Amino acid sequence: MTKKRELIELDDVVIRFSGDSGDGMQLTGTLFSNTAALLGNDIATFPDYPAEIRAPQGTVGGVSGFQVHIGHSDIRTPGDLADVLVAMNPAALKANARWLKPGATIIYDRDNFTPKNIQKAGYKEDPIAEDRLQDFNIIPAPITSLTKEALKDMGLDMKTVLRSKNMFALGMIYWLFNRPLKYTEEFFQQKFKRKPEVVEANEKVLKAGYYYAETIEALHSTYVVKPAKIEKGVYRNINGNTATAWGLIAAAERAGLQLFVGSYPITPATGILEELALRKDLGVITVQAEDEIAGITTSIGASFAGLMAATTTSGPGLALKSEALGLAVITELPLVVVDVQRGGPSTGLPTKTEQSDLMQVLWGRNGESPVAVVAASTPANCFYYAFEAGRLALEHMTPVVLMTDGFLANGTEPFRVPDIEKMPEIKPPIVPEGTEDYMPYKRDPGTLVRGWAIPGTPGLEHRIGGLEKDENTGNVSYDPANHEKMTHIRAEKVAKIVEDIPEQKIEGEQEGDLLLVGWGSTYGHLVSAMEELKAEGKKVGLAHFNYINPLPANTDEVLGKFKKILVCELNLGQFANYLRMNYPKYEYHKLNKIQGLPFTVVEIKDEAKKLLEE
Amino acid sequence: MTKKRELIELDDVVIRFSGDSGDGMQLTGTLFSNTAALLGNDIATFPDYPAEIRAPQGTVGGVSGFQVHIGHSDIRTPGDLADVLVAMNPAALKANARWLKPGATIIYDRDNFTPKNIQKAGYKEDPIAEDRLQDFNIIPAPITSLTKEALKDMGLDMKTVLRSKNMFALGMIYWLFNRPLKYTEEFFQQKFKRKPEVVEANEKVLKAGYYYAETIEALHSTYVVKPAKIEKGVYRNINGNTATAWGLIAAAERAGLQLFVGSYPITPATGILEELALRKDLGVITVQAEDEIAGITTSIGASFAGLMAATTTSGPGLALKSEALGLAVITELPLVVVDVQRGGPSTGLPTKTEQSDLMQVLWGRNGESPVAVVAASTPANCFYYAFEAGRLALEHMTPVVLMTDGFLANGTEPFRVPDIEKMPEIKPPIVPEGTEDYMPYKRDPGTLVRGWAIPGTPGLEHRIGGLEKDENTGNVSYDPANHEKMTHIRAEKVAKIVEDIPEQKIEGEQEGDLLLVGWGSTYGHLVSAMEELKAEGKKVGLAHFNYINPLPANTDEVLGKFKKILVCELNLGQFANYLRMNYPKYEYHKLNKIQGLPFTVVEIKDEAKKLLEE
Amino acid sequence: MSTEENKVVYTAKDFKSDQEVRWCPGCGDHAILSSVQRTMAQLGIRREKYAVISGIGCSSRFPYYMATYGFHGIHGRAAAISTGVKTANPDLSVWTITGDGDALAIGGNHLIHVVRRNVDINLLLFNNRIYGLTKGQYSPTSVKGQVTKTSPYGTVEPPFNPGELVIGAKGKFFARTIDGDIKLSVEVFTEAAKHEGTSVVEILQNCVIYNNGAYADITDREHKEDRQIVLRDGEPMIFGKNRDKGLMLDGMQLKVVKIGENGITEKDILVHDSKVNNPGLHMMLVNMKWPSHPVAVGVIRNVAAPTYDTAVHVQIDKIKEQSPIKNMTDLLHSGNTWVVK
Amino acid sequence: MSTEENKVVYTAKDFKSDQEVRWCPGCGDHAILSSVQRTMAQLGIRREKYAVISGIGCSSRFPYYMATYGFHGIHGRAAAISTGVKTANPDLSVWTITGDGDALAIGGNHLIHVVRRNVDINLLLFNNRIYGLTKGQYSPTSVKGQVTKTSPYGTVEPPFNPGELVIGAKGKFFARTIDGDIKLSVEVFTEAAKHEGTSVVEILQNCVIYNNGAYADITDREHKEDRQIVLRDGEPMIFGKNRDKGLMLDGMQLKVVKIGENGITEKDILVHDSKVNNPGLHMMLVNMKWPSHPVAVGVIRNVAAPTYDTAVHVQIDKIKEQSPIKNMTDLLHSGNTWVVK
Ligand SMILES: Cc1ncc(C[n+]2csc(CCOP(=O)(O)OP(=O)(O)O)c2C)c(N)n1
Ligand SMILES: Cc1ncc(C[n+]2csc(CCOP(=O)(O)OP(=O)(O)O)c2C)c(N)n1
Ligand code: SF4
Ligand code: SF4
Ligand SMILES: [Mg+2]
Ligand SMILES: [Mg+2]
């Protein structure tokens with residue numbers, strides 16, 4: 001960004017809103033991204049907030065941030081470094097200084113840069129100097145005092161007044177990026193329908209910020225980011241949790257079944273349950289159970305009763321569900337388990353993102369207990385992989401674990417609304433009334449899938465349970481040979497799903513020097529890195545996995561097409577280990593990060609280049 | 001076994017007692033093995049019983065068996081096939097016919113071979129003919145009627161009379177193997193101190209069986225099995241669960257700490273808790289908790305409070321403990337978790353043996369959550385590995401999982417009583433009162449072990465918990481770099497245990513054509529197979545692992561010494577996968593069995609030979 | 001459950017599965033199985049509408065022996081699985097089979113929550129005061145001092161009284177019966193089935209192998225009439241072989257009195273009312289212990305209250321009606337969307 | 001806990017850790033922290049003897065702010081971890097900090113079992129009728145119909161009353177206090193500390209962010225004296241700004257009466273006795289709800305009974321004395337052994 005006072009066109013821009021947990025930064029960021037999205041930009045967002053509801057004011061630990069990346073071409077990540085930072089206090093500056101592009105614009109609330117606050121943030125004296133930001137485009141705005149000024153005649157209490165400071169900042173950003181205020185105003189009008197004074201106050205402050213930015217000298221230019229060149233269609237902004245919830249509902253609709261979700265709140269998965277609880281209009285039954293075990297076991301009960309059943313959680317909750325998940329495995333009931341991963345071990349970093357539950361998902365159960373596993377890779381495609389998890393569960397009569405994580409759960413991007421009627425119809429193997437010689441464990445010889453006889457159907461009364469069962473009859477069996485056979489059947493049934501999933505595709509070069517490998521939420525960063533490397537002339541491809549168990553049929557082939565393989569993941573190398581276990585003949589280089597944060601594109605590129613040069 | 005009527009000397013003999021669950025076969029087998037052990041034989045036993053308390057009488061599903069292998073040289077397994085079968089009814093014959101050596105002796109209760117019972121067992125007409133046992137040494141004894149006869153004057157009710165049938169069979173076996181009755185009589189006298197009529201009845205029937213065997217023509221010979229040539233010392237017969245319990249107590253004693261065990265009953269682990277509950281005389285605190293989660297969390301509490309803490313369970317229980325185990329990982333508290341594996345998945349085959357929890361033990365937790373893992377390999381060495389688990393937990397401030405299984409838990413063998421004073425003293429890093437600058441997460445730079453400050457110690461007050469902690473201070477920290485660092489530290493701390501465990505030894509050939517690899521309870525069968533193969537001139541060695549995580553330092557070297565590697569385990573190949581993950585350069589051939597039963601020596605030899613010939 | 005459409009005529013045999021019953025000979029579970037089969041045959045509910053759900057334990061093998069839909073769950077989760085089944089399909093008649101370990105040790109949380117929510121299930125708690133299946137460890141209902149395999153020197157913890165716990169968890173239906181008393185059991189199970197909401201029935205069950213005679217003092221033929229009191233709505237609380245003993249209230253305590261003595265007549269005796277919401281008297285009745293009092297059996301508490309499963313569906317139906325969003329397509333197009341052309 | 005050896009003089013400040021308190025400004029937890037610190041300073045127990053154990057939730061951050069030994073556990077397990085700590089070392093004064101979700105949702109089973117066993121801990125249940133830390137979902141104490149993030153159309157399930165549940169689980173000590181009432185809280189916490197056995201204290205706690213004003217109707221300054229009744233042993237159950245209202249028993253019901261009306265004098269008013277074992281009246285007192293009744297605060301039930309941790313150690317000591325086996329070597333050589341020479 002240069003310093004001319006004119007209208008400048010940008011390909012993309014990264015803005016970071018940052019302040020105390022109480023400063024409303026999440027809302028500010030969301031409103032900005034919604035406006036950008038409605039104007040046709042491609043966007044990606046990343047909220048990052050502390051584990052406390054209200055962490056101590058003014059400290060770095062209490063900073064809440066919301067990063068949004070908008071552009072007119074494919075936006076895949078929320079961006080590594082910011083072009084514009086809004087810092088509501090010194091701590092916000094401190095926390096974000098190292099995440100800025102050289103020469104970025106920094107707007108801060110100078111009213112809050114008091115000696116006391118500066119010290120609280122851990123600075124000695126002059127924050128700008130200490131962080132060597134002198135060459136940046138610094139805009140010290142009196143946000144607090146001008147907000148007070150704007151509202152002085154409204155007779156509001158000071159708490160309410162201060163609470164609308166964030167709208168002042170938002171107004172400034174709207175001016176800076178040439179955005180209309182109307183979508184945000186409409187939001188106020190709808191949200192505070194019954195509190196006209198709140199609507200008025202917010203609008204006043206928003207405008208005050210907008211006009212202030214127009215007036216002052218400090219802003220040398222305004223910018224436009226043209227609408228993205230994206231596929232035609234109806235779009236909406238969506239985060240991963242909502243997309244997951246909707247994908248489950250869509251699967252139930254396409255299966256002609258009611259959706260049942262037994263769950264227990266846990267960060268960062270709670271949003272799925274909250275969204276589903278809203279969807280009573282679509283017949284969704286949500287049971288907020290007494291704990292995670294009841295969450296999954298009520299769902300298993302509902303599955304037995306013939307509904308499409310799911311349960312949602314994060315790592316510690318999944319640990320608690322392990323025993324019951326084994327019950328779903330041996331009873332061969334359809335069940336979707338959503339694991340929104342977060343930083344571990346134990347309570348770990350509950351609001352941060354990580355990919356460290358893979359091993360737990362694959363094997364965290366007693367006995368030989370195979371489940372199918374899929375992973376979403378962007379906020380919006382959580383919709384499709386939730387749908388897919390539902391499809392596989394219902395059609396293959398098996399528990400399926402859908403893995404997402406905190407980054408996907410809270411991140412947003414535009415979502416091209418699909419035509420539901422064109423999505424595959426889901427056909428669970430429901431046993432019709434009147435079936436002769438029904439046996440609960442009789443299987444389709446091709447898929448090894450057993451039939452699903454729904455309680456209430458006359459003539460199909462049967463019993464299932466957690467003890468080993470006789471082939472076909474499903475009666476309890478202690479026969480050694482039968483146990484071995486059933487163990488193989490259960491494994492093979494899940495393995496056979498490979499015939500029902502797409503081949504693994506390679507993006508970028510189809511063969512060459514380096515294959516980047518990833519899975520889950522790292523997609524945006526990996527594909528950006530791959531594209532940039534390709535643009536630099538490197539022979540680099542990307543194999544990003546959404547199907548984890550079984551792995552796609554051509555995985556071996558894909559891995560064999562490159563001289564080197566770099567597996568990038570937000571853990572200590574679990575997927576790399578898993579690949580090694582399955583395809584030991586390749587050497588797997590690893591890029592691991594375990595900081596509760598997504599990769600940056602640069603980190604990936606650097607590591608890739610190092611490998612290419614070796 | 002030949003058919004001469006004389007005293008024949010045998011190297012070893014396998015006897016299988018078999019009858020309805022209510023027939024007292026477990027006791028019969030135990031009494032026989034105790035007598036053999038007291039006479040100096042080496043022995044190994046294997047009880048095998050149904051999941052029901054009393055499964056339906058007379059059916060194959062209800063058969064309860066007890067196999068004992070006695071000999072005068074190293075006895076490593078309970079034996080593949082039996083030399084002598086005692087079958088109390090047709091179902092017992094049916095269940096065991098295929099586990100007999102050619103020409104074995106079969107003693108059966110002919111009173112019970114009624115047409116109805118024969119049919120119940122699933123035979124059409126003549127059991128002997130149907131199972132092609134005509135050439136065997138068949139002894140149809142009127143056990144029931146002679147038992148009644150022996151007791152007819154005692155005025156006992158019929159139930160009591162019939163309950164002592166098993167002693168008739170035992171008496172016959174004692175005669176056949178030239179054993180004295182006195183140890184068994186002493187047992188009665190002690191056990192039924194207050195019921196002299198029961199003592200008398202049992203003794204009468206025992207003798208009746210003994211004299212009957214002496215009298216009849218059918219027994220062509222009696223046998224002696226000379227005392228084993230085993231190391232000098234005091235011996236006792238012990239099963240794996242008792243050995244585990246005692247190993248834990250011994251570790252606590254050598255650490256100078258009280259032992260606390262929070263647990264919840266579950267087959268086949270319950271015996272450990274039962275034995276520990278008896279040991280109040282040694283100060284053991286057992287809390288039978290409300291569930292497995294309370295089992296482990298009470299233990300974590302006790303560990304925090306400064307006791308040596310352990311929790312015992314089987315696979316499904318371990319699944320429930322997963323979340324809490326992660327808490328022990330991040331709080332870096334010492335804790336022993338015993339997993340007595342059984343057949344899975346889910347409830348599976350609860351009374352049967354299996355090795356299918358390995359992956360769960362290694363990775364069944366959210367986040368990067370490393371624990372140390374050791375596995376016992378014989379009933380008696382459960383003592384040493386329980387001790388070792390305690391030592392590693394206490395000295396390395398980490399949870400350690402000790403893996404055993406149903407086969408070890410219930411199987412017995414002679415245990416040479418160790419000199420406790422010569423066992424290593426265990427020195428947990430307890431922080432002394434008055435330590436300056438105490439910080440809860442300050443570590444020994446060599447081992448990375450943190451100090452253990454015990455509540456009650458003035459001046460060391462501190463707080464720990466499940467959130468990520470700052471290096472050294474242990475305060476809650478959300479700092480990304482700190483999280484990455486702590487994740488590596490936790491992994492490295494466990495990895496460094498490698499310096500505190502012995503190298504992996506190879507038994508048999510030290511290099512050559514084939515390395516048999518195993519872990520845990522398969523040791524006896526593997527070492528027997530290896531020795532027999534070696535005796536046949538094959539260049540075969542055995543690497544049997546007791547240290548699972550970390551693996552011994554020289555593992556790579558050991559694996560590299562043979563042309564081929566055959567990993568034998570009672571699951572679908574979990575340890576093979578684990579080795580492949582760590583040492584991908586070798587090809588791992590697999591022998592897997594998943595029938596709820598141990599290997600037979602023959603199975604291993606056959607597979608090994610196939611590989612050697614390929 | 002009140003689904004009485006399509007009445008059909010059954011006998012107990014219609015509820016027997018083809019699986020061999022594997023409990024120990026003499027175990028109280030056999031009689032309970034028979035009582036349940038008789039009850040179901042008489043309720044007029046079609047067989048395919050029954051779902052019998054259990055946890056793990058000897059008692060929890062129950063579903064295998066029933067010719068209905070059945071689910072043998074995992075240890076402690078019978079009530080939670082049942083909540084799922086019933087909430088998914090309120091049209092089913094759900095019977096939850098659980099033991100004192102299954103329901104009160106590992107499953108304690110699900111029990112109190114199913115009771116609080118008042119899910120319309122019938123929960124039969126087989127209380128043998130021992131863990132049967134794992135061969136004889138103490139349970140949360142084992143009497144203090146009981147010697148078991150895990151308490152070789154006697155337990156040191158006081159037991160739960162299931163009725164007390166259920167009422168403390170806001171329970172609306174609690175009854176007690178005895179394994180061998182098939183007539184009473186059928187009567188009580190029938191009432192449980194009729195009650196809408198969580199019906200908890202404690203069954204005093206004898207484990208012949210590991211806790212034989214746990215209830216002998218109150219169930220043996222000679223004394224049972226003097227040591228049990230059968231409560232029935234509207235009937236005075238009279239008991240005893242000669243029906244000459246009764247219960248009266250003395251301040252906040254229940255007192256055993258002799259009719260005919262001290263001028264006490266039948267009219268002075270308390271009359272049972274299971275329908276009052278105030279749990280005070282019901283609590284005292286479930287707490288009665290021999291020898292100070294007779295042990296109460298029959299339906300002790302039976303109070304009407306909305307059920308969870310119905311409420312869930314009523315709410316869904318209401319929102320469905322009110323909302324403009326009728327399907328996934330509506331939802332996808334609702335709120336803030338924009339069109340790219 | 002009665003460990004009063006080595007008396008020392010503390011002030012509340014001695015119990016403050018160096019960690020910044022991270023609750024929302026205005027959260028009721030601040031006042032509770034202060035009350036606990038004041039209580040501990042006065043109890044005469046040495047600081048190193050305190051262990052403060054929590055689960056997960058806003059309230060469960062508590063141990064970090066205390067200068068004692070502390071353990072921030074995992075969700076729902078505070079009571080179980082505490083059982084381990086106290087049974088391992090009965091010499092410690094164990095304080096369990098838990099929320100309505102932590103103690104009554106996921107942790108319900110551990111709560112009823114710690115109460116049944118009567119482990120000598122002091123359990124402070126921060127009841128804000130909401131999940132705070134996860135940002136506003138309903139809890140098992142949320143009132144029926146409460147609109148929260150997971151009940152956008154209102155909950156359909158009745159809440160637990162913690163006191164009722166605790167008494168149903170054989171609870172011997174139950175008290176209730178209010179976050180902002182520091183005087184009462186210190187009084188009640190002190191009684192809890194003195195009671196040997198599980199002392200459960202429900203604290204009505206305001207979550208300003210997600211359930212603000214949940215208790216406003218009974219705690220606001222204007223009405224509190226008319227809508228709360230403070231129970232103290234030996235004192236008549238009188239309340240009201242003018243101390244003119246009282247409680248009387250009417251059959252099996254508690255009735256609010258006006259002193260001076262209908263000839264009612266102070267003498268007719270019930271006198272509180274927390275020590276009676278019969279839970280009947282205590283149950284009614286914990287169940288009182290405004291507006292029909294005042295809400296009871298103070299120590300409602302306080303009955304002496306043996307504690308689990310003591311019983312465990314007494315049994316061990318006894319067996320130790322009786323048994324010839326004094327160490328591992330004795331054990332190894334006991335019973336059937338043989339010598340190989
Ligand atoms: C997770 C888990 N923990 C423990 C067990 C072992 N187990 C099976 S049944 C049982 C207790 C049975 O007691 P109860 O519920 O009273 O039933 P009963 O056998 O007496 O009918 C236990 C501890 C298990 N199967 N699963
Ligand atoms: C196993 C597990 N499940 C769920 C969560 C998420 N979680 C954390 S606190 C909490 C509830 C908090 O409510 P409460 O106990 O009432 O405490 P408060 O925050 O209101 O003080 C939940 C559901 C978790 N941390 N761990
Ligand atoms: S062990 Fe007891 S409860 Fe179990 S089947 Fe036998 S008698 Fe019944
Ligand atoms: S969210 Fe509520 S309970 Fe949590 S700290 Fe804030 S005010 Fe307190
Ligand atoms: Mg029981
Ligand atoms: Mg709460």
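Every chain is numbered from 1, with letters handed out A, B, ... down the list of sequences. Just so we're clear, the structure is a prediction, and the values are computed from it rather than from any experiment.
- Contact count versus chain B (heavy atoms, under 4.5 Å) is highest, among A/E323, A/E368, A/R580, A/E587, for A/E368.
- Proximity to chain B (any heavy atom under 4.5 Å) is restricted, for A/A491, to the side chain, taken from C-beta onward.
- Here the closest heavy-atom approach between residue B/S346 and residue A/G326 is recorded as CB-O, 3.5 Å.
- Residues satisfying the side-chain hydrogen bond (donor to acceptor under 3.5 Å, both in side chains) test with A/Y586, not counting sequence neighbours, are A/D556.
- When heavy atoms are compared at a cutoff of 4.5 Å, A/L597 approaches chain B solely by way of its side chain, counted from C-beta outward.
- Neither the backbone nor the side chain of A/S314 comes within contact range of chain B; no heavy atoms are under 4.5 Å apart.
- Residues B/L572 and A/H488 meet the side-chain proximity criterion, which asks for heavy atoms closer than 4.5 Å.
- Scanning for ring pair (Phe, Tyr, Trp, His ring centres under 6.0 Å) contacts around A/F599 gives an empty result, with sequence neighbours left out.
- Residue contact with chain B, scored on non-hydrogen atoms closer than 4.5 Å, involves the backbone and the side chain of A/K593 alike.
- Annotation: side-chain hydrogen bond (donor to acceptor under 3.5 Å, both in side chains) contacts of B/R342 (sequence neighbours excluded): none.
- Neither the backbone nor the side chain of A/L358 comes within less than 4.5 Å of any heavy atom in chain B.
- Residue A/E354 touches chain B through its side chain alone, counting heavy-atom pairs closer than 4.5 Å.
- Residues of residues 463-471 of chain A having a heavy atom under 4.5 Å from any heavy atom of chain B, listed by number: A/G466, A/L467, A/E468.
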